> 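Quick one: the structure is below, questions incoming.
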Amino acid sequence: MTRRIMHIDLDAFFVSVEQVENPQLKGKPVVVGGRPDRRGVVAAASYEARAFGLHAGMPLATASRLCPQAIFIVGNFAKYRDASQRFMAILADFSPYIEPMGLDEAYLDVTGFESIHGSTHQMAQAMKQRIKDELGLCASVGIASCKVVAKVASELSKPDGLIEVAGGEERSFLTPLPTAKLPGIGKKAEQALKGLGIVTIGKLSTTPLNILKSHFGVSGEILYRLANGIDDRKVEPSGAAKSISRETTFATDIQHRPQLEATLRYLSERVGGELRQQDKQARCVTLKLRYSDFTTITRRHTLGQTADSDQIIFDTGLKLLKSALVREKRSVRLIGIGVSGLTEARQLDMLDSSAHRREQLNKAIDRIRQKYGFTAIQTGRTLLLRDIFPEDDGDYTLHTPSLSR
Ligand code: TTP
Ligand code: MG
């Protein structure tokens, strides 16, 4: 089966996060990086600012000279890190094979997952829409059979773009582009190639390998392969998941509290099971609700001590749910629970026998469920789900089972 790889990169990331918080900044030349009278460089520039020649890495003083009307913002990294985590969590809902490349960029191997959405194109559109709805940000997406072509495609599609390169079209897609569009070719390499009369990727792809090797050493071969759209690098999920979440959309919007709580209990147990499966402990619990009018909220609680038990995840989620629903008139369309801030399982504190008992109980339940299915053991609350969701092969069939990790 040919691979389908997506490269997703947020547009003008730091600036866009600032614009979500302060919509008056939208449509204006905005720079994040610091005040123009300070030393330092541009970290991010809005596309309106780029029209004046501003770009990342440019000294702030130069930026201010080229575009005196630009609005300069110091920036707040914690805010961008938070947005980044939420961005990655959305991507992880589409495929578990995710390789973050930075705060605002990731590769996704979506081979085989596209059928859920109709096609890779529709999958990318759904992804972009969720990023827009939930984060207010624009993402650009490239889809191809390998990483390098997917990356070039997403760059080329910016801003708010989507380019899919069909299998077999990799070379013809790359051919007309300037060499600088290939990842890894900076100003120096671009000039060196120009000196050899190589300006386009097409020309690079037909330059004899020995000529490239004699000028660029081992990198010559890499250049040659990339220019020909040959790239078998895998999407490598960077070790373990950063968060684990489960969510479900109800067949009809729900206001009935016991049903919401039962579903939350079920999802908490699924998250807890996965957490223990990975031998992890979690620091944060996040509740997600989407109301009937599609407004989506998330509420997070940081635990005093890391935990991996269903009960703690559920109790925390339930508190968040109760406080979110105070005076809430809208019914609930989707509910989800997740854990983050994952660490390796801590050595049990043997003095705490209740924690020890809870751990033994959780492990026993996990073992039975692995063998006989989730519904083999029911806690009081999830029994209610029997009347709501059809049971199938030892599990409840949720309306939209989540792919999130
Ligand atoms: P990029 O994705 O390279 O840039 P961008 O998201 O601002 O714009 P584009 O639409 O072209 O993708 O980098 C992501 C963020 O990383 C960027 O918003 C700010 C930060 N960054 C720096 O702090 N310094 C830098 O030199 C670069 C390139 C980025
Ligand atoms: Mg970006």
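Counting starts at 1 for both ligands and their atoms, following the listed order. We're numbering straight along the sequence, starting at 1. Computed from a prediction, not measured in an experiment: that's the story for all the values here.
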> Will you find, in the side chains of E170 and S145, an N or O donor that is under 3.5 Å from an N or O acceptor?
yes

> Is there a donor-acceptor contact under 3.5 Å linking the side chains of T249 and R290?
no

> If you draw a sphere of radius 2.8 Å around the Mg ion (ligand 2), how many protein N/O/S atoms end up strictly inside it?
3

> Going through the distances and angles, do Q125 and R130 end up as a side chain to side chain donor-acceptor pair (under 3.5 Å)?
CA-CA 9 Å; Q125 278 172 326; R130 271 196 62 189; over 6 Å; no

> For residues 202-209, run the donor-acceptor check on the side chains, cut-off 3.5 Å, and write out each pair with its distance to 0.1 Å, sequence neighbours left out.
| residue | atom | partner | partner atom | Å |
| --- | --- | --- | --- | --- |
| S205 | OG | G202 | O | 2.6 |
| T206 | OG1 | G202 | O | 3.4 |
| T206 | OG1 | K203 | O | 3.1 |
| T207 | OG1 | K203 | O | 2.7 |

> Using a distance-only test with no angle check, is there a side-chain donor-acceptor pair under 3.5 angstrom linking N22 and E18?
no

> So which atom in I8 and which in A139 form the shortest heavy-atom distance, rounded to 0.1 Å?
CG2-CB, 4.0 Å

> If the criterion is any heavy atom closer than 4.0 Å to an atom of ligand 1, which residues make the list?
D9, L10, D11, A12, F13, F14, A43, A44, Y47, R50, A56, D104, K158

> Residues two or more places apart in sequence or in another chain: which of them pass side-chain hydrogen bond (donor to acceptor under 3.5 Å, both in side chains) with N210?
none

> Quick one: closest heavy-atom pair of R4 and V165, and the distance?
NH2-O, 2.9 Å

> Indicate the ring-plane relationship of Y80 and F14, choosing parallel, tilted or perpendicular according to the 30° and 60° boundaries.
parallel

